[in-house]
Amino acid sequence: MNSQTTPAIELRATSKAFRTPSGRLHTAVRDLDLTVRRGEFVAVVGPTGCGKSTTLTLVSGLEEPTEGEVLVAGEPVRGIGDKVGFVFQQDAVFPWRTVLSNVMAGPRFRGVPKAEARERAREWLDRVGLGSFQDRYPHQLSGGQRKRVALAATFVNDPELLLMDEPFSALDVQTRALMSDQLLELWAGTGASVVFVTHDLEESIALADKVVVMTAGPATVKEVFAIDLPRPRKVEEVRLEPRFVEIYRELWSSLGEEVRITRERGAADVA
Ligand SMILES: Nc1ncnc2c1ncn2[C@@H]1O[C@H](COP(=O)(O)OP(=O)(O)OP(=O)(O)O)[C@@H](O)[C@H]1O
């Protein structure tokens, strides 16, 4: 296999168990097989607490699997790679730095000379519509604007792999839809592979090439849905298409069963 056909990510029979404070072993991910192709946008949905974030931490190299293999670009993951970008629910911005300085931080850390880092940062700030906000501090921005800074600060590093954990869940519905459109625009043409964890089924269908449904914990893959909707997509338009509604129904029925299992377990724990 050459480097173009090697998948971006492969999880092979991967399991992860944590030692809990009481000393017991808790299995968060069990026997998980998942392949993400180069340039593919994969959304991951599953019931709360099933192991979605744990799966991302395994791919990021923040945690090691207890069993199985995690390969990124065909190589076993060792530590956090330079070509991986992260966007989380909380804004990963430095509050004491200006917007421009925040976006320059990644390239500077990677050894890019200051003038070039500044130029690249300005370019990405323009792309996210924040060109005139570069001297502000994060607390002087709205939640949506801060998220755009976080996106610019991620894309400026030219990541090959983007790991996103409910990045837009703290935003209001309208801002969320705008951010999804913006993400698709920024991502188009980068060739980056994306793993996007969300609770929002509409968001997952609107964004992804395929949606992976996880089982009730410990997480394993229950079903994979190919999203055969044409690109480019606009979130507010694509969600009205009959095919979108059809996929939504199928996805909801697959996930709903796992949510019910998770709820019943929760009720049993309380009883
Ligand atoms: N470091 C850890 N030590 C012990 N248990 C952990 C640790 N990290 C996660 N877990 C447990 O593993 C399970 C999966 O957690 P994880 O955060 O991956 O779920 P999730 O699907 O992302 O949840 P949510 O949808 O609520 O964000 C949970 O039961 C959690 O309590």
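One-based numbering, in listed order, for ligands and for the atoms of each.
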* Asked: Can an N or O of S53 be found at a distance shorter than 3.5 Å from an N or O of ligand 1?
  -> yes
* Side chains of D31 and T220: donor-acceptor distance under 3.5 Å anywhere? -> no
* Asked: Any idea which atoms of ligand 1 are less than 4.0 Å away from a heavy-atom of C50?
  -> 19 (O), 20 (P), 21 (O)
* Can you tell which of R24, H26, K52, E166 gets a heavy atom nearest to atom 21 (O) of ligand 1? -> K52
* Run the salt-bridge test on D200 and R176 with the 4.0 Å N-O cut-off and return the result as yes or no. => yes
* Look at atom 6 (C) of ligand 1 and say which protein heavy atom is nearest, naming residue and atom and giving the distance to 0.1 Å. => F18 CD1, 3.3 Å
* Can you tell me if K16 uses its side chain to pair, donor with acceptor, with the backbone of E64 under 3.5 Å? -> yes
* To do: Return yes when G49 approaches ligand 1 closer than 4.0 angstrom through a heavy atom, no otherwise.
  => yes
* Close approach of G51 to ligand 1, heavy atoms, under 4.0 angstrom -> yes
* Give me the ring orientation class for Y248 and F244: parallel if the planes are under 30° apart, tilted from 30 to 60°, perpendicular past 60°. => parallel
* Please state whether the rings of W124 and F155 are parallel, tilted or perpendicular, taking 30° and 60° as the class boundaries. => parallel
* Any nitrogen or oxygen of H199, main chain or side chain, under 3.5 Å from a nitrogen or oxygen of ligand 1? -> yes
* With respect to atom 16 (P) of ligand 1, which of L56, T27, T54 exhibits the smallest heavy-atom separation? -> T54
* State whether the number of non-hydrogen atoms from other residues, nucleotides or ligands found under 6.0 Å of R249 atom CZ is greater than 12. => no
* Structure fact -> At under 4.0 Å between heavy atoms, what of M214 touches ligand 1? The answer is neither
